[in-house]
Amino acid sequence: MTTAKRDTYTPETLLTVAVRVFNERGYDGTSMEHLSRAAGISKSSIYHHVTGKEELLRRAVSRALDGLFGILDEPGAVRGRAIERVEYVTRRTVEVLMAELPYVTLLLRVRGNTTTERWALERRREFDQRVSELLKAAVADGDLRADVDIRLATRLLFGMVNSLVEWYRPQPDGFPAEDQLADTVVQLAFEGMRASGR
């Protein structure tokens, strides 16, 4: 029976299992034994493909970060007025969060206890800074209110978006609809920040 499991085992399926276990137990509370049992393979089989659980963590958070940073290179994020670009980035961030929910959840739970976690936190700050720059540009264009502190607005914006990992779960009946959820987040986030008449 173990042989059959090994025959169907891939690094990707191991990563899927590892992310689930990390999210359930916490990264620090997860041992290689936990991963071995959850994957149904021996620890030596895991070590055949990765150096340890920190490599699995790095692969997992890299997947989330690659999805987020990829948004910043999309045409909607680099063309047009700053307000349109920041709304686009916000909408796409929600979409990436929903599409990569376990991976983004793990990314948002890292605390900086390992080299990989510190690297992930630094990358998250870099992403937040890039969005903050778009918000500043939208204020300079006169599209967002100048009386709203950009640092506070950035934190509130990501607080709302990131909170989705705590309650959003894809439903068989499609509620809430993914596109509707992304649109609602953008509407709620920016209606109160838009300059009068914009």
Side-chain angles (χ1 to χ4, degrees), residues 19 23 57-170 174 176-198:
V19 169
N23 282 331
L57 177 67
R58 181 146 188 137
R59 288 183 184 187
V61 296
S62 291
R63 180 167 163 170
L65 287 163
D66 289 350
L68 293 171
F69 274 91
I71 295 167
L72 300 176
D73 295 325
E74 293 173 2
V78 295
R79 295 190 198 122
R81 292 183 68 84
I83 185 64
E84 295 164 351
R85 291 161 50 206
V86 75
E87 287 182 353
Y88 176 86
V89 168
T90 303
R91 180 176 287 106
R92 290 286 295 124
T93 299
V94 172
E95 291 169 353
V96 166
L97 184 148
M98 291 186 292
E100 301 290 352
L101 186 62
Y103 298 89
V104 176
T105 299
L106 182 60
L107 172 65
L108 295 176
R109 291 183 178 166
V110 299
R111 295 291 171 249
N113 297 329
T114 67
T115 302
T116 297
E117 289 178 283
R118 288 187 291 279
W119 168 80
L121 288 172
E122 185 57 37
R123 294 287 285 156
R124 275 180 55 195
R125 282 191 286 275
E126 183 183 339
F127 183 81
D128 292 356
Q129 184 60 38
R130 297 272 301 271
V131 176
S132 182
E133 293 300 321
L134 282 176
L135 287 167
K136 287 179 190 171
V139 170
D141 290 345
D143 290 324
L144 290 182
R145 292 168 40 182
D147 63 334
V148 175
D149 181 274
I150 292 299
R151 288 174 302 172
L152 178 59
T154 303
R155 287 186 178 141
L156 290 171
L157 177 62
F158 282 108
M160 180 169 52
V161 171
N162 294 344
S163 73
L164 295 176
V165 302
E166 300 305 328
W167 62 267
Y168 172 76
R169 299 294 176 267
E178 292 182 3
D179 57 345
Q180 179 187 11
L181 181 56
D183 288 343
T184 301
V185 168
V186 170
Q187 181 181 5
L188 290 174
F190 292 101
E191 290 234 342
M193 289 196 296
R194 279 189 177 273
S196 298
R198 297 287 180 167

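The structure presented is a predicted model; accordingly, all values stated were derived computationally and were not measured. What's counted below: heavy atoms across the whole structure, side chains too, no hydrogens, waters or symmetry copies. Numbering starts at 1 and runs along the sequence shown.
- In this structure Arg123 satisfies the salt bridge (Lys or Arg N to Asp or Glu O under 4.0 Å) test together with Glu126, sequence neighbours excluded.
- Residues Val148 and Val139 form no side-chain contact, since every pair of their non-hydrogen atoms from C-beta on lies 4.5 Å or further apart.
- Nearest heavy-atom pair across Leu121 and Arg111 is CD1-C, 3.7 Å.
- Looking only at atom types and distance, the side chain of Glu117 has a donor-acceptor partner in the side chain of Thr114 under 3.5 Å away.
- Shortest non-hydrogen contact noted between Val110 and Ala120 is CG2-CB, 4.2 Å.
- In this structure, CG in Leu107 is found 4.5 Å from CG in Leu65, a value given to the nearest 0.5 Å.
- Ion pairing of Arg130 with Glu133 is absent here, as no side-chain N (NZ or NE/NH1/NH2) approaches a carboxylate O to less than 4.0 Å.
- For the atom pair CZ (Arg92) and CG (Leu97), the distance works out to 12.0 Å, reported to the nearest 0.5 Å.
- Taking each heavy atom of Val96 and Gly67 in turn, the nearest pair found is CG2-O, 3.9 Å.
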Could you walk me through whether Val104 and Asn162 pass the side chain to side chain contact (heavy atoms under 4.5 Å, CB included) check?
CA-CA 9 Å; Val104 176; Asn162 294 344; 5.7 Å; no
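- Taking every heavy atom of both residues into account, Gly142 and Ala195 meet most closely at O-CB, 3.2 Å.
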Assess the residue pair Arg124 and Leu108 against the criterion (side chain to side chain contact (heavy atoms under 4.5 Å, CB included)); give the C-alpha distance rounded to whole Å, side-chain angles, the decisive distance to 0.1 Å, and a yes or no.
CA-CA 9 Å; Arg124 275 180 55 195; Leu108 295 176; 3.7 Å; yes
Set out, in order, the CA-CA distance, both residues' side-chain angles and the distance that settles side chain to side chain contact (heavy atoms under 4.5 Å, CB included) for Val61 and Tyr103, then state yes or no.
CA-CA 6 Å; Val61 296; Tyr103 298 89; over 6 Å; no
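- In this structure, Tyr88 OH and Thr93 OG1 are separated by 10.0 Å, a value rounded to the nearest 0.5 Å.
- Between Arg194 and Asp143 no salt bridge is recorded (no basic side-chain N to carboxylate O distance below 4.0 Å).
- Ion pairing between a basic and an acidic side chain is recognised when a charged N comes within 4.0 Å of a carboxylate O; Arg79 and Glu74 show no such pairing.
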For Asn23 and Arg109, run side chain to side chain contact (heavy atoms under 4.5 Å, CB included): C-alpha distance rounded to whole Å, both residues' side-chain angles, the deciding distance at 0.1 Å, then the answer.
CA-CA 8 Å; Asn23 282 331; Arg109 291 183 178 166; 3.9 Å; yes
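- One distance of note links CZ of Phe190 with CZ of Arg91; it measures 9.5 Å at 0.5 Å rounding.
- Residues Arg118 and Asn113 fail the side-chain proximity criterion, which asks for heavy atoms closer than 4.5 Å.
- Nearest heavy atom pair, residue Ala138 against residue Ala82, reads N-CB, 3.5 Å.
- Put simply, CD1 on Ile71 and CG on Asp66 are 11.5 Å apart, with the number rounded to the nearest 0.5 Å.
- A distance of 10.5 Å separates CD in Gln129 from CD in Glu122, rounded to the nearest 0.5 Å.
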Enumerate, atom names and distances included, each donor-acceptor pair closer than 3.5 Å involving a side-chain atom of residues 153-161, sequence neighbours excluded.
{"residue": "Thr154", "atom": "OG1", "partner": "Ile150", "partner atom": "O", "Å": "2.8"}

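- Between Phe127 and Val89 the shortest side-chain heavy-atom distance falls below 4.5 Å.
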